[in-house]
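To start, the structure under review is shown below, and the notes come after it.
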Amino acid sequence: GDATIGSKIFSANCAACHLGGSNVIMANKTLKKEALEKYNMNSLKGIINQVKKGKNAMPAFGGRLSDQQIEDVATYVLQQAKNGW
Ligand code: HEM
């Protein structure tokens with residue numbers, strides 16, 4: 001995935017709830033490395049799956065974003081987690 005493109009997708013679709021890797025709805029479920037590890041979301045596959053299908057208060061993006069866009073935004077999230085947002 002392309003993290004540079006993913007960054008723009010994140011700003012447009014994710015930042016409302018996840019600004020700076022936070023989570024404004026469910027405070028423990030951030031996009032930081034420790035939380036992704038704790039909730040078994042520290043993989044491209046895991047993030048892609050949740051973004052496609054959604055989970056609880058997080059909306060599904062399958063159909064709104066292409067598979068390529070979802071892969072790019074997941075790549076960006078993992079890169080940011082690695083770099084500490
Ligand atoms: C959880 C990514 C958009 C609300 C998560 C997690 C990821 C993620 C990776 C798992 C975090 C963890 O378990 O520590 C994204 C991406 C988005 C996006 C890449 C854009 C494409 C949104 C939006 C909202 C939202 C717009 C609010 C309307 C939530 C909530 C959770 C969550 C509530 C916790 C779900 C649960 O486990 O019950 N998100 N998110 N997300 N996100 Fe998003």
Side-chain angles (χ1 to χ4, degrees):
D2 184 326
T4 304
I5 295 172
S7 164
K8 298 189 174 102
I9 296 165
F10 188 90
S11 295
N13 296 278
C14 321
C17 297
H18 292 297
L19 189 67
S22 67
N23 190 325
V24 301
I25 296 181
M26 202 174 275
N28 55 321
K29 298 224 167 160
T30 72
L31 310 187
K32 309 216 164 127
K33 191 166 183 283
E34 296 70 25
L36 295 182
E37 283 171 355
K38 183 172 182 186
Y39 299 110
N40 202 25
M41 288 295 296
N42 58 329
S43 70
L44 211 52
K45 201 176 166 186
I47 296 175
I48 286 171
N49 189 53
Q50 182 164 322
V51 170
K52 264 189 193 165
K53 295 185 186 162
K55 186 176 176 188
N56 300 318
M58 174 163 153
F61 287 87
R64 294 172 57 189
L65 295 175
S66 70
D67 285 357
Q68 185 63 62
Q69 287 175 311
I70 291 172
E71 189 181 318
D72 290 347
V73 78
T75 300
Y76 172 74
V77 167
L78 279 180
Q79 180 191 278
Q80 289 297 99
K82 193 179 166 193
N83 295 339
W85 288 90

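Read the numbers this way: they start at 1 and go in the same order the structure lists the ligands and their atoms. Positions are given from 1, in the same order as the sequence printed here. The analysis underlying the following values was restricted to heavy atoms, covering all of them including side chains, and did not include hydrogens, waters or symmetry mates. Please read all numbers here as calculations on a predicted model, not as lab measurements.
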What is the closest protein heavy atom to [atom], and at what distance does it sit?
{"atom": "atom 7 (C) of ligand 1", "result": "Leu31 CD2, 3.3 Å"}
{"atom": "atom 16 (C) of ligand 1", "result": "Cys14 SG, 3.4 Å"}
{"atom": "atom 28 (C) of ligand 1", "result": "Cys17 SG, 2.8 Å"}
{"atom": "atom 14 (O) of ligand 1", "result": "Thr30 O, 2.7 Å"}
{"atom": "atom 35 (C) of ligand 1", "result": "Lys55 O, 3.8 Å"}

Taking the side chain as C-beta and beyond, is there a heavy-atom pair between [X] and [Y] under 4.5 Å?
{"X": "Leu65", "Y": "Asn13", "result": "yes"}
{"X": "Leu44", "Y": "Thr75", "result": "yes"}
{"X": "Asn42", "Y": "Lys33", "result": "no"}

ask   = Does a sphere of radius 6.0 Å around CG in Asn40 hold more than 12 heavy atoms from other residues, nucleotides or ligands, not counting ones at 6.0 Å or beyond?
value =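 Count not over threshold, so no.
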Which ligand 1 atoms are under 4.0 Å away from a heavy-atom of [X]?
{"X": "Gln50", "value": "1 (C), 5 (C), 6 (C), 10 (C), 32 (C), 39 (N)"}
{"X": "Val51", "value": "16 (C), 19 (C), 21 (C)"}
{"X": "Ala35", "value": "14 (O)"}
{"X": "Asn13", "value": "3 (C), 20 (C), 26 (C)"}
{"X": "Met26", "value": "34 (C), 36 (C), 38 (O)"}
{"X": "Tyr39", "value": "13 (O), 14 (O)"}

key: Candidate with minimal heavy-atom separation from atom 34 (C) of ligand 1, of Asn23, Ile25, Asn56   =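 Residue with the shortest heavy-atom distance to the ligand atom: Asn23.
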query = Heavy atoms only: which of Lys38, Lys29, Lys52 is nearest to atom 37 (O) of ligand 1?
reply =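 Nearest option to atom 37 (O) of ligand 1, by heavy atoms: Lys29.
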message = Angle between ring planes, His18 versus Phe10, binned at 30° and 60°: parallel, tilted or perpendicular?
response =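 The rings of His18 and Phe10 sit tilted, inter-plane angle from 30° to 60°.
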query = In a check of side chain to side chain contact (heavy atoms under 4.5 Å, CB included) between Met41 and each of Leu78, Val77, Ile47, which one passes?
reply =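 Only one of Leu78, Val77, Ile47 forms a side chain to side chain contact (heavy atoms under 4.5 Å, CB included) with Met41, namely Ile47.
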ask   = Any sub-3.5 Å donor-acceptor pair from Asp2's side-chain atoms to Asp72's backbone N or O?
value =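 Absent.
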task = Would you please determine whether Ala16 falls within less than 4.0 Å of ligand 1 on a heavy-atom basis?
result =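 Distance cut 4.0 Å: Ala16 fails for ligand 1.
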task = Could you please compute the angle at atom 43 (Fe) of ligand 1 from NE2 of His18 to SD of Met58, rounded to 10°?
result =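 Output for this angle: 180°, rounded to tens.
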